[in-house]
K.L.:
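Got a structure here, written out as structure tokens. Questions coming.
Treat the numbers as computed from the prediction; the structure is a model and nothing was measured. In each ligand, atom 1 is the first atom listed, and ligand 1 is the first ligand listed.
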Amino acid sequence: MASVVIAGVGSYAPQRVVTNAELSRTVDTTDEWIVSRSGIRERRIAAADEACSDLAIKAAGAALADAGVTAAEIDLLIIATVTADSPLPSTACLVQHRLGIPAHATCFDIVAACSGFLYAMEIAYGQLLTNRYKRALIIGAEKLSAVTDWTDRTTCVLFGDAAGAAVLHKVDTPNVGILGSDLGADGEFADNLYVKAGGSRAPASAESVGARDHFIRMNGREVFKSAVRVMETVAREMMEQHHLTADHISLVIPHQANIRIIEALAGNLKIPMDKFYVNLDRFGNTSSASIPLALDEARRAGRVKPGDLTLLVAFGAGLTYGATLIRW
Ligand SMILES: CC(C)(COP(=O)(O)OP(=O)(O)OC[C@H]1O[C@@H](n2cnc3c(N)ncnc32)[C@H](O)[C@@H]1OP(=O)(O)O)[C@@H](O)C(=O)NCCC(=O)NCCS
């Protein structure tokens, strides 16, 4: 029996730190409101000349170094992003070329919003197990600041920019690495979190720019309720499938959107909060980068030991969601 393991992880966050105090000088908000409603204290914002691929390349370089492999050894590259450098070509092709991943590699982007990294991991897992590919590089990279309406206080306080990456490969050992995952999507809730214009339904026009329709719009309360519900469902599903109780899980890495969502999830699952890795206070919600960024930090902080079980759990626009169970 073979398994697919995470051979290396890396992340990158832009240098510029934007605090709640700084935001409160441009929109009608306060540090107190943002911290009490979301747990976020500051976020990183990319430079004007830094695009999604630039963030992705830095995180990928760190993951390759951590895994001890070169770009030449990668034959599958998947980038999860909702903020590609441009609609065409895929950001994966740009990253492939600049990193020096060979031309015979399969490279593509996927859109699954904040669940994107878990979707990318599931695709790579299946492909590696079939022996079709030897080594996968998966990246979650977002420049959300490019699609954030900086005049809308209900959204702009939540998001940040970052990238995280992992190198995956197959080993001939059973029961290690990615033990399973449970992903889902429910388009019934698509209207709760979206960018209206810039696609084929509402192509970019002077009117769409004037109406600020290229920015993220969100029904925060509805997203909040869905998030707690779907993350609890898939986390339970993963634990039941593997006959696990809360005691077996050493660490949960949830999508970093809101501390109150994480606290509600912890309470419902009866897993103590100290088993949840949280860094949203320093980065805000970085969409598909959020889980690999947190995973990278957690590993560096010694929160992951051989044999430990880690549960990754995400939700995002779509509504997409998923949970992935990993044994180190
Ligand atoms: C967005 C979110 C933090 C708002 O928290 P909330 O407790 O639901 O707050 P509400 O939306 O009910 O707003 C309460 C009030 O605060 C106001 N408000 C909203 N943003 C504000 C801000 N940045 N500063 C001050 N006041 C703000 C609202 O206008 C509202 O005022 P009103 O009662 O006069 O209408 C919360 O709903 C959330 O995190 N939802 C999930 C969002 C998410 O995770 N999105 C990403 C998914 S991947």
Side-chain angles (χ1 to χ4, degrees), residues 18-43 80-83 110-120 140-145 147-162 164 183-195 215-232 234 253-266 268 276 278-281 283-294 312-323:
V18 175
T19 61
N20 292 347
E22 188 176 340
L23 279 182
S24 70
R25 291 198 282 275
T26 51
V27 285
D28 182 15
T29 190
T30 60
D31 176 57
E32 195 280 327
W33 192 96
I34 302 170
V35 172
S36 64
R37 300 296 176 113
S38 73
I40 298 165
R41 294 181 183 276
E42 59 188 41
R43 69 287 295 145
T81 186
V82 295
T83 51
I110 59 160
V111 176
C114 307
S115 312
F117 191 76
L118 298 191
Y119 269 63
E142 304 286 5
K143 187 180 181 181
L144 288 179
S145 60
V147 292
T148 296
D149 183 346
W150 292 100
T151 67
D152 176 9
R153 69 174 184 173
T154 68
T155 54
C156 76
V157 300
L158 301 175
F159 301 119
D161 302 333
L183 306 180
D186 194 343
E188 184 189 339
F189 300 98
D191 288 347
N192 287 336
L193 186 51
Y194 60 92
V195 175
F215 297 125
I216 295 172
R217 297 285 173 239
M218 180 178 76
N219 181 339
R221 273 186 213 177
E222 288 306 314
V223 172
F224 192 111
K225 282 191 274 180
S226 301
V228 176
R229 175 175 57 80
V230 295
M231 286 204 294
E232 181 188 347
V234 282
I253 299 187
H255 171 48
Q256 308 284 314
N258 185 319
I259 192 67
R260 291 188 296 136
I261 292 176
I262 297 174
E263 285 168 351
L265 178 67
N268 293 354
F276 281 73
V278 175
N279 65 3
L280 61 83
D281 50 326
F283 297 105
N285 179 347
T286 60
S287 190
S288 66
S290 129
I291 285 185
L293 176 66
L312 313 178
V313 55
F315 73 97
L319 172 80
T320 59
Y321 50 92

K.L.:
Could you check whether any side-chain heavy atom of Arg37 comes within less than 4.5 Å of a side-chain heavy atom of Val157, counting everything from C-beta outward?
P.N.:
no
K.L.:
Evaluate the 4.0 Å heavy atom contact test for atom 24 (N) of ligand 1: does a protein atom fall under the cut-off?
P.N.:
yes
K.L.:
Does the side chain of Phe315 reach to within under 4.5 Å of the side chain of Ser226, using non-hydrogen atoms?
P.N.:
no
K.L.:
Is any heavy atom of the protein nearer than 4.0 Å to atom 33 (O) of ligand 1?
P.N.:
no
K.L.:
Supply the atom-to-atom distance Asp28 CG to Thr151 OG1, rounded to the nearest 0.5 angstrom.
P.N.:
12.0 Å
K.L.:
To check your reading of the model: name the closest protein heavy atom to atom 4 (C) of ligand 1, its residue, and the distance in Å.
P.N.:
Trp33 CH2, 3.9 Å
K.L.:
Provide, to 0.1 Å, the distance between atom 8 (O) of ligand 1 and the closest protein heavy atom, together with that atom's residue and name.
P.N.:
Arg221 CG, 3.5 Å
K.L.:
Do ligand 1 and Gly220 have nitrogen or oxygen atoms that lie under 3.5 Å from each other?
P.N.:
yes
K.L.:
Side chains of His255 and Leu118, heavy atoms from C-beta outward: is any pair under 4.5 Å?
P.N.:
no
K.L.:
Using a 4.5 Å cut-off on heavy atoms from C-beta on, say whether the side chain of Leu23 contacts that of Arg43.
P.N.:
yes
K.L.:
Is there a protein heavy atom at a distance of less than 4.0 Å from atom 30 (C) of ligand 1?
P.N.:
no
K.L.:
Distance only, no hydrogens: is a donor on one side chain within 3.5 Å (strictly under) of an acceptor on the other, for Arg221 and Asn192?
P.N.:
no
K.L.:
Do Glu142 and Thr286 pair up side chain to side chain, a donor and an acceptor below 3.5 Å, judged on atom types alone?
P.N.:
no
K.L.:
Checking a contact table here: which protein heavy atom is nearest atom 45 (N) of ligand 1, and how many Å away?
P.N.:
Met218 SD, 3.2 Å
K.L.:
Counting each atom of ligand 1 from 1 as listed, which ones have a heavy atom of Asp28 under 4.0 Å away?
P.N.:
24 (N), 25 (C)
K.L.:
Below 4.5 Å, heavy atoms only, C-beta onward: do Thr320 and Val230 meet side chain to side chain?
P.N.:
no
K.L.:
Under 4.0 Å from a heavy atom of Thr154: which atoms of ligand 1 are those, numbered in the order shown and with their elements?
P.N.:
19 (C), 20 (N)
K.L.:
For Thr30 and ligand 1, does the shortest N/O to N/O distance drop below 3.5 Å?
P.N.:
no
K.L.:
Counting non-hydrogen protein atoms only, what is the nearest one to atom 39 (O) of ligand 1? Give residue, atom name and distance.
P.N.:
Asn258 ND2, 2.6 Å
K.L.:
Compute the shortest N/O to N/O distance between Arg153 and ligand 1 and return yes if it is under 3.5 Å, no if not.
P.N.:
yes
K.L.:
In Å and rounded to the nearest 0.5 Å, what is the OG to CD1 distance from Ser24 to Ile34?
P.N.:
7.0 Å
K.L.:
Less than 4.5 Å apart, side chain to side chain, heavy atoms only: is that true for Trp150 and Val27?
P.N.:
no
K.L.:
So do the side chains of Val313 and Leu265 get within less than 4.5 Å of each other, counting heavy atoms only?
P.N.:
yes
K.L.:
Looking only at protein heavy atoms, which one is nearest to atom 9 (O) of ligand 1, and what is the separation?
P.N.:
Arg37 NH1, 3.2 Å
K.L.:
Among all the protein's heavy atoms, is there at least one whose distance to atom 16 (O) of ligand 1 comes out below 4.0 Å?
P.N.:
yes
K.L.:
What I want to know is whether Asn285 and ligand 1 share at least one N or O pair that is separated by under 3.5 angstrom.
P.N.:
no
K.L.:
Among all protein non-hydrogen atoms, which one is nearest to atom 44 (O) of ligand 1, and what is the separation to 0.1 Å?
P.N.:
Ala257 CB, 3.4 Å
K.L.:
What atoms of ligand 1 come closer than 4.0 angstrom to any heavy atom of Thr29?
P.N.:
22 (C), 23 (N), 24 (N), 25 (C)
K.L.:
Assess whether a salt bridge exists between Glu222 and Lys225, defined as any Lys/Arg side-chain N lying under 4.0 Å from an Asp/Glu carboxylate O.
P.N.:
yes
K.L.:
Find out whether Leu193 and Ile216 are in side-chain contact, i.e. whether some heavy atom of one side chain is under 4.5 Å from a heavy atom of the other.
P.N.:
yes
K.L.:
Starting from atom 48 (S) of ligand 1, which protein heavy atom do you reach first, and at what distance in Å?
P.N.:
Cys114 SG, 3.0 Å
K.L.:
Is atom 37 (O) of ligand 1 touching the protein, meaning some protein heavy atom lies under 4.0 Å away?
P.N.:
yes
K.L.:
Would you mind running through ligand 1 and noting each atom that sits below 4.0 Å from a heavy atom of Val157?
P.N.:
23 (N)
K.L.:
Testing the basics here: between Val223 and Met218, what is the closest heavy-atom pair and its distance to 0.1 Å?
P.N.:
CG2-CG, 3.9 Å
K.L.:
For atom 47 (C) of ligand 1, grab the closest protein heavy atom and report residue, atom and distance to one decimal in Å.
P.N.:
Phe315 CE1, 3.4 Å
K.L.:
Under 4.0 Å from any heavy atom of Leu193, which atoms of ligand 1 are there?
P.N.:
47 (C)
K.L.:
Less than 3.5 Å between some nitrogen or oxygen of Arg260 and one of ligand 1, yes or no?
P.N.:
yes
